[in-house]
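Please read the structure below before turning to the comments.
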Amino acid sequence: MSEERSTIGRPVRRPRRHLGAKWLLGTLPVLAVVLGFASPGTWAATVGPSLRLAAAPAPGNAHTVDLVATVQEPAGQSSSALSGISVDFEVHIGEFTGAPLLDLGSATTDAAGRAVLTYQPTWTGDQSLVATATDSSGNTLASATTSLTAAVATTPFAGAIESVRPDGTIGQAVVGVLLAIVVAVWIALIAIVVRVNLGLHRPGVAHTS
Amino acid sequence: MSDDNAGTETVGAPGAGGHLGEPHVLHDVRAAAMRPVVDTPRWWWPTVGVLAAVVVLGVVAWAVQVADGLGVAGYNDQGFWAVYEADLVAFIGVSYGGAVVSAILRLTKATWRAPLTRIAEATALVTLPIGMLFIIPHLGSPWRIWELVWPPDWNLSSPILWDFFAVSTYLLATAVFFYLPLIPDLAIARRLLGEHQTGLRARALRRAYQVLGGRWDGTPPQRRLLQGAIGLVAIMIIPMAVSVHSVLSFAFASSSRAGYAETIFPVYFVVAALYTGVALVVISVAACRRLWHLERFINPRHFVRLGLVMVAFGAAYIYLTFTEYLVDGYSGTVDSAAWVRQVLVGRYWIPFWFYFVAAGVVPLAIMAFRRTRTATGVVVASGLVLVAMWVKRLVIVIPPATEPLVRAPLASGGVLTGNWGSYHFTWVPIAITVAATAAIPLLLLILFRFVPILPIGEMEEMELEVAGSSMAVEMSAVGAGAGLAATLPGSSFAVGTSLHDITDEEGSW
């Protein structure tokens with residue numbers, strides 16, 4: 001574990017939309033409805049600090065890796081500006097094509113511009129990782145990518161996760177009653193149709209001309 | 001769509017040119033009802049072609065999803081329920097309106113219902129199977145669907161399985177409810193085709209009408225038998241619709257997820273289904289009226305009355321929405337409060353408030369003012385309701401799914417609380433949804449190539465009853481079956497031909 005405290009699971013601050021864009025969405029309801037479900041994307045920084053991302057096995061734990069993101073200021077900037085920058089770590093989910101990045105957590109840079117997150121892969125194989133440095137307003141400063149191959153996957157949880165399941169007895173009873181009602185309704189409906197059709201052919205009911 | 005005479009026209013009667021009880025109008029009913037069957041307008045094939053192409057595009061999109069996985073539809077670990085579940089609920093919901101409204105109007109013997117019932121019941125019939133099909137893309141792997149109902153992997157305790165049984169039962173009931181009132185019309189249509197049409201298609205249709213219509217001759221015992229059966233199915237279909245859409249809500253309500261586990265959902269879903277169902281009936285009736293020139297039988301006051309029924313359900317739905325969010329937000333439990341906040345003022349505020357305005361405020365406002373309470377106004381309101389209520393279904397499905405509920409102690413220390421997920425629209429679910437929408441008019445166009453678009457027997461019988469009772473009142477010396485064909489001075493009703501006159505006119509009715 002790095003000395004930088006990992007904040008795995010903390011909601012990641014996203015860059016805010018411009019007021020103008022929000023106004024535009026409000027005036028185009030249908031488009032806005034669709035866009036309203038999409039999470040805002042990240043904006044690539046074109047100026048400012050750069051970022052390097054590396055993955056290295058965590059010391060003392062074969063199942064984890066340290067993701068080290070290093071912020072580097074452009075030449076001429078004071079090094080004191082490197083500390084306190086929030087870096088978000090994400091991983092591509094290969095299982096779902098086109099799916100968004102999965103948040104791993106975030107860490108804050110130290111005086112050397114290093115932000116470290118201990119990552120415990122929960123599935124094996126090639127994984128593509130992304131680190132994004134953001135300022136205090138949530139704006140993206142820089143991003144970087146790296147990849148790793150996880151040979152071992154472990155559950156991240158300390159204990160078994162309990163799942164509350166429906167009471168099997170209640171479920172069976174409900175299903176039994178429901179199925180009985182369904183069968184009765186089917187029989188009734190079919191009987192109605194058959195009765196009408198038979199009635200149309202019955203002497204005294206059908207026209208005999 | 002003019003509604004200039006909305007305030008003066010007799011509901012259920014032709015707008016101009018005489019009352020339905022008059023012989024030439026009776027003939028017009030038959031001609032209008034059979035027009036889609038015997039005539040092929042110039043627009044028919046191009047329209048069917050375009051709609052079919054849209055449906056094919058949807059099938060292609062589904063094939064892409066089958067090949068590449070649910071991820072191409074924007075699904076992910078946290079956005080695990082989204083468009084298809086909303087489509088499933090929305091399409092099955094709209095099917096209820098047609099059948100239930102028709103059933104209620106039949107049971108209450110509302111005389112103005114007659115020109116609407118066939119279109120309403122047909123809309124229900126074609127929409128329900130489309131809605132049922134959404135379970136296939138929703139489940140992802142079609143080759144595993146049989147495992148839902150087949151041992152050893154079946155799960156009888158799964159609400160999805162209950163949905164399957166409930167909806168398939170309702171489909172049977174809807175089909176029966178469509179078929180029974182059709183029996184007299186099939187006999188009439190068979191004779192009309194015999195008079196006017198020759199050729200292979202006409203012969204095939206006559207044969208089909210013979211098989212499906214049986215030996216209907218319109219004798220009083222046959223009428224009593226059929227009316228009794230229709231009444232029984234109408235009684236059955238109302239509680240069935242309520243129960244079926246309640247069961248549909250169980251897939252949400254019986255879960256433990258905040259935002260889904262709502263005890264109000266069964267009622268909420270039923271009211272939403274009726275609300276959108278009436279809206280779709282309005283759209284279907286308006287389209288059929290325009291395309292097949294049924295203005296003489298379906299007048300603006302039909303739309304206004306349907307609009308009033310619709311906003312009654314709409315007002316109830318708005319109240320239930322208020323109740324749901326008030327209770328969840330007021331209780332202040334962490335999961336519920338977080339979800340309610342995201343919907344009302346958070347990331348989902350745009351779709352929610354769009355729903356509230358378009359499906360709540362605007363339709364109520366349209367029906368509240370005499371100036372906008374017109375056929376056009378009702379159609380506009382219905383279109384808004386259909387779109388906005390689909391969006392509302394998305395608001396029901398997606399926000400609770402994306403809410404992180406896992407709080408687990410991590411082996412590395414700390415607690416995993418999770419982040420809000422998100423769902424991204426892609427072209428695949430949009431194409432499938434648009435295809436399903438296009439399938440509704442496509443199937444209606446095809447269906448009405450084979451069955452009369454108006455309930456001929458029902459309209460004639462109803463109007464003759466009205467005309468006969470009017471004559472009995474105003475000409476007490478003359479029996480109702482006297483066969484007079486004159487308009488009584490000063491009366492809004494014409495003296496119509498009797499049932500026996502029609503029998504004579506048509507040979508055997």
Side-chain angles (χ1 to χ4, degrees), chain A residues 1 6-12 25-26 29-30 32-39 61 64 93 95-100 102-103 118 120 154-159 161 164 166 168 171-172 174-175 178-179 181-182 185-186 188-190 192-193 195-197 199-202 204-207 209, chain B residues 68-72 74-77 156-157 162 165-166 169 172-173 176 179-180 183 214-219 221-222 225-226 229 232-233 236 240 247 254 256 347-351 354 358 387 391 394 398 406 408-420 422-426 508:
Chain A
M1 189 76 180
S6 164
T7 55
I8 291 176
R10 186 175 63 81
V12 176
L25 291 177
V30 175
V33 164
V34 174
L35 293 178
F37 284 97
S39 65
N61 189 340
T64 59
I93 308 169
E95 184 178 354
F96 296 106
T97 306
L102 179 67
D103 293 323
T118 302
Q120 189 173 26
T154 58
T155 173
F157 307 114
I161 298 176
V164 180
Q172 288 173 7
V174 169
V175 168
L178 283 174
L179 283 179
I181 294 172
V182 164
V185 170
W186 276 71
L189 289 169
I190 293 170
I192 288 170
V193 173
R195 183 169 179 267
V196 168
N197 276 286
L200 294 183
H201 294 83
R202 194 184 310 148
V205 176
H207 191 67
S209 61
Chain B
D68 294 346
L70 271 170
V72 297
Y75 283 63
N76 56 76
D77 277 350
L156 290 179
S157 297
W162 305 349
F165 288 127
T169 303
L172 176 66
V176 171
Y179 167 67
L180 290 178
I183 289 176
R215 293 182 59 192
W216 174 265
D217 294 310
T219 60
Q222 283 188 343
L225 177 68
L226 187 63
L232 185 57
V233 177
M236 288 175 69
M240 205 183 298
V247 172
S254 59
S256 56
R347 58 169 53 192
Y348 302 108
W349 73 271
I350 292 175
F354 169 73
V387 174
V391 172
L394 291 174
I398 294 176
V406 173
L410 290 167
S412 56
V415 176
L416 180 71
T417 55
N419 299 321
W420 278 84
S422 58
Y423 173 76
H424 296 251
F425 280 92
T426 70
S508 60

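Computation of the quantities below employed the complete heavy-atom set of this structure, encompassing side-chain atoms and omitting hydrogens, waters and symmetry-equivalent molecules. Within every chain, numbering begins at 1; the chains are lettered A, B, ... in the order of the sequence lines, protein sequences first and strands thereafter.
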Subject >> Gap separating the CG atom of Asn197(A) from the OH atom of Tyr179(B), nearest 0.5 angstrom >> reply: 4.0 Å
**OP:** Answer yes or no: is there a side-chain heavy-atom contact under 4.5 Å between Leu200(A) and Ile183(B)?
**Re:** yes
Original post:
Do Leu172(B) and Val185(A) come close enough that some side-chain heavy atom pair is under 4.5 Å?
Top reply: no
**OP:** Under the side chain to side chain contact (heavy atoms under 4.5 Å, CB included) rule, collect the residues that match up with Phe165(B), sequence neighbours excluded.
**Re:** Leu179(A), Val182(A), Leu161(B)
Original post:
If we only count heavy atoms from C-beta on, is the Leu225(B) to Arg195(A) side-chain gap below 4.5 Å?
Top reply: yes
Original post:
For Ala229(B) and Ile192(A), which heavy atoms make the closest approach, and how far apart are they?
Top reply: CB-CG2, 3.7 Å
**OP:** Calculate, to the nearest 0.5 Å, the distance between atoms CE and CG belonging to Met240(B) and Leu189(A) respectively.
**Re:** 5.0 Å
